[in-house]
Amino acid sequence: SQELEQSPQSLIVQEGKNLTINCTSSKTLYGLYWYKQKYGEGLIFLMMLQKGGEEKSHEKITAKLDEKKQQSSLHITASQPSHAGIYLCGADKAAGNKLTFGGGTRVLVKP
Amino acid sequence: SQTIHQWPATLVQPVGSPLSLECTVEGTSNPNLYWYRQAAGRGLQLLFYSVGIGQISSEVPQNLSASRPQDRQFILSSKKLLLSDSGFYLCAWSQIHGYTFGSGTRLTVV
């Protein structure tokens, strides 16, 4: 089965600083998904990457997928307290087929 | 529009009691359905997925079972809960355009 490794497991950043979360797969991915979750709540979809070398941005969040489609990063610029939460990367083997997740990264933004 | 309903939102159950969590989907047909569990502060572990009525695949050995009696209904069950069954349970559905998650059920086994 496909395994996703996320790093770091947790992250504390000062408000206004940048942060990066990494997600690495042991196998070539079909689709790579990034979600955000506040504790005890459902998932908020952030972005989906499918093409090698693809990069997407939304507000202050940028996600990239490497050319080999085995590694993705999520970068937040000038972090704010609203960026706090658990960030999850997920990947599937085919379109809409069996999404599995990494271990998550807990982000805390200190004001 | 396409929606997913999951209930209850929270549940406290004693050890050894049965469990039934229900998930229903509206606005789509023949979706893939999933049950995930999240331990405190951790990632989501895929427990079961289903590609059709009566078709259930189990991803990890456990004390739980799943059933899909109707196309848009997915049920997570246990005959006797263990303390280790505590966690946050999420239901999801997918088709080729992506995945939609329910709001989750927080289960505490005491």
Side-chain angles (χ1 to χ4, degrees), chain A residues 1-12 21-26 29-50 56 58 63 72 74 84-108, chain B residues 2-12 21 23 25 28-52 55-61 66 86-108:
Chain A
S1 63
Q2 182 167 269
E3 292 190 0
L4 293 175
E5 294 288 335
Q6 261 186 262
S7 63
Q9 289 187 344
S10 62
L11 196 53
I12 302 174
I21 300 167
N22 294 300
C23 179
T24 303
S25 171
S26 57
L29 305 168
Y30 177 80
L32 189 287
Y33 299 75
W34 283 101
Y35 290 87
K36 179 187 174 184
Q37 182 189 28
K38 290 198 177 290
Y39 181 71
E41 299 181 11
L43 303 186
I44 300 169
F45 172 74
L46 296 176
M47 275 170 273
M48 185 263 192
L49 306 168
Q50 197 171 341
K56 290 185 177 178
H58 177 66
S72 178
L74 187 79
I86 300 173
Y87 288 82
L88 297 158
C89 69
D92 56 13
K93 300 187 297 183
N97 188 330
K98 196 177 165 185
L99 184 66
T100 56
F101 287 90
T105 297
R106 182 182 289 275
V107 172
L108 177 63
Chain B
Q2 299 154 340
T3 57
I4 180 168
H5 300 283
Q6 189 179 343
W7 67 91
T10 60
L11 191 60
V12 180
L21 300 181
C23 174
V25 178
T28 186
S29 61
N30 197 32
N32 292 336
L33 295 173
Y34 308 85
W35 278 110
Y36 293 88
R37 177 171 61 199
Q38 185 179 37
R42 303 297 302 278
L44 289 174
Q45 181 183 39
L46 178 61
L47 301 177
F48 300 97
Y49 77 98
S50 171
V51 299
Q55 300 179 60
I56 309 295
S57 294
S58 175
E59 291 298 296
V60 293
S86 294
F88 188 61
Y89 290 83
L90 278 167
C91 176
W93 72 271
S94 74
Q95 289 180 322
I96 59 171
H97 58 269
Y99 300 82
T100 302
F101 287 84
S103 55
T105 296
R106 177 154 304 283
L107 172 66
T108 303

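Because the structure is a prediction, the values reported are computed rather than measured. Labels below follow one simple rule: chain letters A, B, ... track the order of the sequence lines, proteins then strands, and each chain is numbered from 1.
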Where B/Tyr34 and A/Lys98 come nearest, the two heavy atoms and their spacing: OH-N, 2.8 Å
Residue A/Gln37 versus chain B: region with a heavy atom under 4.5 Å: side chain
More than 12 heavy atoms of other groups within 6.0 Å of A/Ile12 CD1: no
Salt bridge (Lys or Arg N to Asp or Glu O under 4.0 Å) partners of A/Lys38, counting only residues at least two apart: none
Gap between atom OG1 of A/Thr100 and atom OH of B/Tyr36 - 0.5 Å precision: 7.0 Å
Closest contact, heavy atoms only, A/Asn97 versus B/Ser94: N-OG, 4.4 Å
For the student: nearest non-hydrogen atoms of A/Gly42 and B/Leu90, plus distance: CA-CD2, 4.3 Å
Per-residue contact mode, A/Tyr33 against chain B (heavy atom under 4.5 angstrom): side chain
A/Gln50 atom CD, neighbour heavy-atom count above 12 within 6.0 Å: yes
A/Leu99 versus chain B, the contacting section by heavy-atom distance below 4.5 Å: both
B/Ile96 versus chain A, the contacting section by heavy-atom distance below 4.5 Å: both
Side-chain heavy-atom pair A/Asp92, B/Tyr99 within 4.5 angstrom cut-off: yes
Heavy-atom pair count under 4.5 Å with chain B, highest-scoring of A/Leu88, A/Leu43, A/Thr105: A/Leu43
